[in-house]
Amino acid sequence: MDKKRKIIMAVFFSVLIVSMPLILIFSDKKDISEAENRKLGNMPEFSASAVADKSFMKDVEKYLSDHFPERINWVRAKMDIDRLSGKDMINNIYITDSMLIEKINEPDYNEIDISVNAINKYAQLYDTEVFALIAPTSAGIYRDRLPENAPQIDQKEIIEHIYNNFSDDITCIDVFDCLINEKENYIYYRNDHHWTSYGAYCAYSEAIKQLGGETLPVEAYSIEHASSDFRGTFYAKCLYKKTPADVIDIYSLKNGADITDVILDDGTGQSHCDDIYFRDFLEGRDKYCVFLGNNRAFTDIKTDVGNGKKILVIKDSYANSFIPFLTQNYSEIAVIDLRYVKTSIGDFVNPDDYDQTLFLYNASTFAEDKNIKIAGFEG
């Protein structure tokens, strides 16, 4: 019986070895991994130079790995094995009882200071009130939920360092304490690196006091539960499904101001629309893009607020769910994402035309961002 079993196993593995390359060659290839929310590798073109610098074989290995049959199921199986072996961090994501939390790397304070100095220079160059809001991520608020002895940096220290090195020309908006006070509420997504709409509302309520607007209670808003199956960037990194899916909420002020025009400019051309919510994204993987749509260099939002106030927001994606609240306070909100500005912000706006400028970044992005450093801010 043992001999028969060995023969069967030998035949099985022989068939598997022969058939797997054929399956890989003839199976349908996808361009995108929906589960991981990323582009899959393409079969590289052969060239002598690519072989010489070893990039060809590296790209072939990536292609074979990305398109291995049932790859996602294998990845999930490995994750399950890792969890059973006691691992509580997978691909830099801590798995806790209530949420996924990213391990933040120790920042390079010299690099942070270069970005700070660039913003100080901006405040000197332009005739606009300058504000800065550096938001903690969930890793900064929920350190107490991490596994015992798990290494994690103190984001409050990072934010304080940034604020202490801004010049007197910049008003710093501190939202750390207000988010700590709200930490038992749903202020960060469980499966994604962004704050929730309620988290953005809490930060906005603190910010608008310093920006000179009126703070409104959350009861003043109608809240639409736009999606209840959001699994974002953290899930894409570890594919851990036991953490409950997230809810995306859209806040609308009852009897509030309306959007009159939105200009979308990716640097190659402009288009217009009449809304800041792009609901088609709710049907796909990247549901957070419901707020302002795809990333782009410049967005200009006009409202019927009627007070003539204009604000320029220079930002990362944390601002996307924050900006809708500003539409009740400003006649115009211009939005710059430096990651997609290939030349100068002067090609899109003149900061002198705006009453206020708000730099809004999360602490992790600000610490690693390369674009603020090279922006120049010289028009």
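Position 1 is the first residue of the sequence; numbering continues from there. Quick note: numbers below take in every heavy atom, side chains included, and nothing from hydrogens, waters or symmetry partners. Computed from a prediction, not measured in an experiment: that's the story for all the values here.
Of all non-hydrogen atoms in Val349 and Ala334, the two that sit nearest each other are CG1-CB, 4.3 Å. Scanning both residues, Asp261 and Cys273, for their nearest heavy atoms gives OD1-O, 3.6 Å. The shortest non-hydrogen separation linking Ala118 to Ile372 is CB-O, 3.5 Å. Considering every non-hydrogen atom in both Ile141 and Pro136, the closest pair reads CD1-CG, 3.8 Å.
The CG atom of Leu264 sits 9.0 Å away from the CD atom of Gln270 when rounded to the nearest 0.5 Å. Here OG of Ser197 is found 11.0 Å from NE2 of His225. Values are rounded to the nearest 0.5 Å. Here the CG atom belonging to Asn371 is positioned 5.5 Å from the CD1 atom belonging to Ile374, to the nearest 0.5 angstrom. One distance of note links NE2 of His161 with CZ of Phe166; it measures 10.0 Å at 0.5 Å rounding. Note that OG of Ser344 and CG of Leu338 are 9.5 Å apart. Values are rounded to the nearest 0.5 Å. For the atom pair CD (Glu182) and CG (Asp177), the distance works out to 12.0 Å, reported to the nearest 0.5 Å.
Distance alone, capped at 3.5 Å, is enough to place a donor-acceptor pair between the Gln152 side chain and the Glu102 backbone. Asp266 places a side-chain N or O within 3.5 Å of a backbone atom of Gly269 that can act as its donor or acceptor partner. In this structure a side-chain-to-backbone donor-acceptor pair under 3.5 Å is missing from Thr299 to Val335. A donor-acceptor contact shorter than 3.5 Å links the side chain of Asp316 to the backbone of Asn362. Formation of a donor-acceptor pair under 3.5 Å by the Lys254 side chain with backbone atoms of Glu219 is found in this model. A donor-acceptor pair under 3.5 Å is absent between the side-chain atoms of Lys237 and the main chain of Thr233, judged by distance alone. Under the 3.5 Å distance criterion, the side-chain polar atoms of Thr303 are matched with a main-chain donor or acceptor of Tyr330. At least one donor-acceptor pair closer than 3.5 Å links the side chain of Tyr201 to the backbone N or O of Val218. Side chain of Arg296 to backbone of Leu292: a donor-acceptor contact under 3.5 angstrom is found. Using a distance-only test at 3.5 Å, with no hydrogens or angles considered, no donor-acceptor pair links the side chain of Asn191 to the main chain of Leu100.
You'll find the side chain of Lys310 reaches within 4.5 Å of the side chain of Asp353, heavy atoms only. Between Ile112 and Phe366, some side-chain heavy-atom pair lies under the 4.5 Å cut-off. Side-chain contact check for Phe278 versus Asn294: every heavy-atom pair is 4.5 Å or farther apart. Side-chain contact between Asp347 and Phe298: absent, with no pair of heavy atoms (C-beta onward) separated by less than 4.5 Å. Here the side chains of Ile248 and Phe281 are not in contact, with every heavy-atom distance at 4.5 Å or above. Side chains of Met99 and Ser138 form a contact here, defined as non-hydrogen atoms less than 4.5 Å apart. Counting heavy atoms from C-beta outward, Phe234 and Asp192 have side chains that stay 4.5 Å or more apart. Counting heavy atoms from C-beta on, the side chains of Tyr288 and His193 never come closer than 4.5 Å.
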Next item on the list: Decide side chain to side chain contact (heavy atoms under 4.5 Å, CB included) for Leu146 and Ile101; before the verdict, give the C-alpha distance in whole Å, the side-chain angles of both, and the deciding distance to 0.1 Å.
Entry: CA-CA 8 Å; Leu146 294 176; Ile101 299 177; 3.8 Å; yes
Next item on the list: For the pair Tyr221 and Phe325, evaluate ring pair (Phe, Tyr, Trp, His ring centres under 6.0 Å) and give the outcome as yes or no after the intermediate values.
Entry: CA-CA 10 Å; Tyr221 295 85; Phe325 294 104; 5.6 Å; yes
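For Gln155 and Thr137, the side-chain atoms include at least one donor-acceptor pair closer than 3.5 Å. Side chains of Asn320 and Ser317: no donor on one and acceptor on the other come within 3.5 Å. Between the side chains of Asp229 and Ser227, at least one donor N or O lies within less than 3.5 Å of an accepting N or O. Between the side chains of Thr357 and Tyr122, a donor-acceptor pair is found at a separation under 3.5 Å. Side-chain contact, Tyr204 with Asn329: a donor N or O sits under 3.5 Å from an acceptor N or O.
Following chains of ILVMFWY side-chain contacts shorter than 4.5 Å, one can reach Leu125 starting from Ile170, so the two form part of one hydrophobic cluster. Residues Ile263 and Val341 are members of separate hydrophobic clusters, defined by side-chain heavy-atom contacts under 4.5 angstrom among Ile, Leu, Val, Met, Phe, Trp and Tyr. Both Val290 and Ile223 belong to a common hydrophobic cluster when Ile, Leu, Val, Met, Phe, Trp and Tyr are linked at side-chain heavy-atom distances under 4.5 angstrom. Note: the hydrophobic cluster containing Ile119 also contains Phe348 (ILVMFWY, side chain heavy atoms under 4.5 Å, direct or indirect links).
For Tyr318 and Phe322, the distance between ring centers is not under 6.0 angstrom.
Between Asp337 and Lys315 a salt bridge is recorded (basic side-chain N to carboxylate O distance below 4.0 Å).
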